[in-house]
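Scroll down for the structure; my scribbles are underneath it.
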Amino acid sequence: GENVEQHPSTLSVQEGDSAVIKCTYSDSASNYFPWYKQELGKGPQLIIDIRSNVGEKKDQRIAVTLNKTAKHFSLHITETQPEDSAVYFCAAVGQLTFGSGTQLTVLP
Amino acid sequence: ETGVTQSPTHLIKTRGQQVTLRCSSQSGHNTVSWYQQALGQGPQFIFQYYREEENGRGNFPPRFSGLQFPNYSSELNVNALELDDSALYLCASSRQGGAEYNEQFFGPGTRLTVL
């Protein structure tokens with residue numbers, strides 16, 4: 001089955017700096033890669049996604065890149081704000097398989 | 001539009017007992033998936049229900065079972081509870097019907113503690 005690895009597990013940045021979270025996947029048949037944000041006491045919420053026929057996608061301060069050859073995809077958050085603090089999960093679909101999560105802390 | 005709701009919010013059981021968790025899907029959605037999220041981990045896929053039939057299953061034993069009702073709501077049943085079953089159980093709904101994957105919307109989860 002699919003295996004998704006996510007790094008780093010924790011990430012602290014100063015407000016206004018950028019944050020990058022990286023994931024790798026194992027199943028070359030996976031063709032959809034969503035990113036979720038999970039705040040304390042809540043379920044994961046989709047923040048951005050990318051399909052395998054696209055290399056990059058941007059939505060305001062958030063961008064995702066995908067390298068299908070290397071089976072890598074990354075989340076980039078620019079101009080971070082304290083409200084960006086949460087746990088972020090990458091995932092790969094075939095069957096929705098999550099990474100282990102990154103606890104992002106944005107320091108004011 | 002009502003989002004995905006789950007009940008109860010929290011539950012405490014003892015080892016060997018049975019538990020039923022409930023999920024109401026988002027309006028217009030016909031598919032429900034269940035996930036187990038251990039502390040500090042990503043959600044792990046348990047199974048999915050589409051048109052009241054199981055439509056895919058992860059690496060979970062048969063004591064994890066489910067149902068989907070005609071109104072697309074769903075139940076997750078776990079028999080013979082073990083300590084390792086302690087986790088947040090997430091339900092997600094989506095609208096399936098085509099070949100392309102459709103976004104899943106998650107509920108807030110049920111926190112199960114097994115003592």
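All of these numbers come straight from a predicted model, not from anything done at the bench. Lettering follows sequence order; numbering is per chain, from 1.
Using a 4.5 Å cut-off between heavy atoms, B:F105 makes no contact with chain A at all. When heavy atoms are compared at a cutoff of 4.5 Å, B:Q37 approaches chain A solely by way of its side chain, counted from C-beta outward. Residue A:Q6 does not touch chain B at all, counting heavy-atom pairs closer than 4.5 Å. Using a 4.5 Å cut-off between heavy atoms, A:P34 makes no contact with chain B at all.
Taking the charged nitrogens against the carboxylate oxygens, B:D84 and B:R15 have no contact shorter than 4.0 Å, which rules out a salt bridge.
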Is there a salt bridge (Lys or Arg N to Asp or Glu O under 4.0 Å) between A:D27 and A:K71 once you walk through the steps?
CA-CA 8 Å; A:D27 187 353; A:K71 297 181 190 171; over 6 Å; no

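Aromatic ring centres of A:Y36 and B:F106 lie closer together than 6.0 Å.
Annotation: side chain of B:W34 is in contact with side chain of B:L21 (closest heavy-atom distance under 4.5 Å).
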